[in-house]
Trainee: 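Please find one structure pasted underneath; my questions will follow.
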Amino acid sequence: MFFLVIFLIGLVLPFILIKIDASWIIWSPAIIFFLAAIITIIKVFIFPGEGMADLAERIYVMIFGAAAAGSIIGGGIVHLIKSKK
């Protein structure tokens, strides 16, 4: 349920940015969340945590990944809506 909410937040962000005329702006949330997930993955491998800290870092990666997936899907939908106008 929690990850569904995070996914939906990522899905809604491109729709909030639909009124801005720049074509790249709808992809910015997906890029930001994807880069946050990559940076967190790199941090996990370079500075591993112990016990529950390691689990929390993996959950952060899953949160950023779910938000990035939602933003990619939302950006694709917004792109299709804008291209039909």
Side-chain angles (χ1 to χ4, degrees):
M1 180 75 177
F2 175 72
F3 291 107
L4 177 66
V5 172
I6 297 298
F7 178 81
L8 291 176
I9 289 171
L11 188 69
V12 169
L13 283 176
F15 286 99
I16 293 172
L17 302 172
I18 196 169
K19 294 292 182 183
I20 301 174
D21 288 333
S23 63
W24 59 270
I25 199 74
I26 59 173
W27 299 107
S28 62
I31 293 168
I32 291 169
F33 287 132
F34 183 72
L35 288 176
I38 295 296
I39 290 170
T40 308
I41 289 171
I42 291 170
K43 189 239 176 237
V44 166
F45 283 119
I46 293 175
F47 305 110
E50 293 197 18
M52 295 300 282
D54 188 39
L55 177 64
E57 290 169 347
R58 291 171 194 248
I59 291 174
Y60 284 141
V61 171
M62 292 182 347
I63 289 170
F64 289 135
S71 292
I72 289 169
I73 292 171
I77 294 169
V78 169
H79 179 72
L80 286 175
I81 289 172
K82 279 187 147 183
S83 67
K84 292 196 180 205
K85 286 184 179 181

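From a predicted model like this one, the values you see are computed outputs, not experimental measurements. Start at 1 with the first residue, then count along the sequence.
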Trainee: Which heavy atom of Ala37 sits nearest to which heavy atom of Gly65, and what is that distance?
Mentor: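 Taking every non-hydrogen atom into account, CB-N, 4.3 Å.
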Trainee: Do Phe2 and Met52 share a hydrophobic cluster, counting only Ile, Leu, Val, Met, Phe, Trp and Tyr and linking them when any side-chain heavy atoms are less than 4.5 Å apart?
Mentor: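 Yes, Phe2 connects to Met52 through the hydrophobic network.
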Trainee: Give me the one residue out of Val44, Ile46, Thr40 that meets side chain to side chain contact (heavy atoms under 4.5 Å, CB included) with Ile42.
Mentor: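 Testing each of Val44, Ile46, Thr40 against Ile42, the sole residue satisfying side chain to side chain contact (heavy atoms under 4.5 Å, CB included) is Ile46.
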Trainee: If I compare all heavy atoms of Leu11 with all of Ile73, which pair ends up nearest, and what's the gap?
Mentor: CD1-CG2, 3.8 Å
Trainee: Under 4.5 Å between side-chain heavy atoms, hopping through other hydrophobics if needed: is there a path connecting Ile81 to Ile26?
Mentor: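 Result: yes, single cluster for both.
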Trainee: Between Val5 and Phe7, is there a shared hydrophobic cluster once you connect ILVMFWY residues whose side-chain heavy atoms come closer than 4.5 Å?
Mentor: no
Trainee: Distance from Ile59 atom CD1 to Asp54 atom CG, nearest 0.5 Å?
Mentor: 10.0 Å
Trainee: Please determine whether residues Phe15 and Leu8 belong to a single hydrophobic cluster, defined as Ile, Leu, Val, Met, Phe, Trp and Tyr linked transitively by side-chain heavy-atom distances below 4.5 Å.
Mentor: yes
Trainee: Over all heavy atoms of both residues, which pair between Trp27 and Ile72 is shortest? Give the atoms and the distance, please.
Mentor: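 Answer, listing the atom of Trp27 first, then Ile72: CZ3-O, 3.7 Å.
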Trainee: Do Phe47 and Ile39 belong together in a cluster built from hydrophobic side chains that touch within less than 4.5 Å?
Mentor: no
Trainee: Quick one: which of Leu17, Ile16, Ile18 gives a side chain to side chain contact (heavy atoms under 4.5 Å, CB included) with Ile20?
Mentor: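 The residue from Leu17, Ile16, Ile18 that satisfies side chain to side chain contact (heavy atoms under 4.5 Å, CB included) with Ile20 turns out to be Leu17.
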Trainee: About how many Å separate CD1 of Ile9 and CG of Leu4, when rounded to the nearest 0.5 Å?
Mentor: 10.0 Å
Trainee: Got a sec: does the CZ of Phe34 have more than 12 other heavy atoms crowding it under 6.0 Å?
Mentor: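 Atom CZ in Phe34 is not crowded, with 12 or fewer foreign heavy atoms closer than 6.0 Å.
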Trainee: Would you call Leu80 and Ile77 a side-chain contact if the rule is heavy atoms closer than 4.5 Å?
Mentor: no
Trainee: Please report the interatomic distance CZ(Phe64) to CG(Leu35), rounded to the nearest 0.5 Å.
Mentor: 11.0 Å
Trainee: Within the 4.5 Å heavy-atom criterion, are Ile31 and Trp24 side-chain neighbours or not?
Mentor: no
Trainee: Considering all heavy atoms of both residues, which atom of Gly75 and which atom of Pro14 are nearest to each other, and what is their separation?
Mentor: N-CG, 3.6 Å
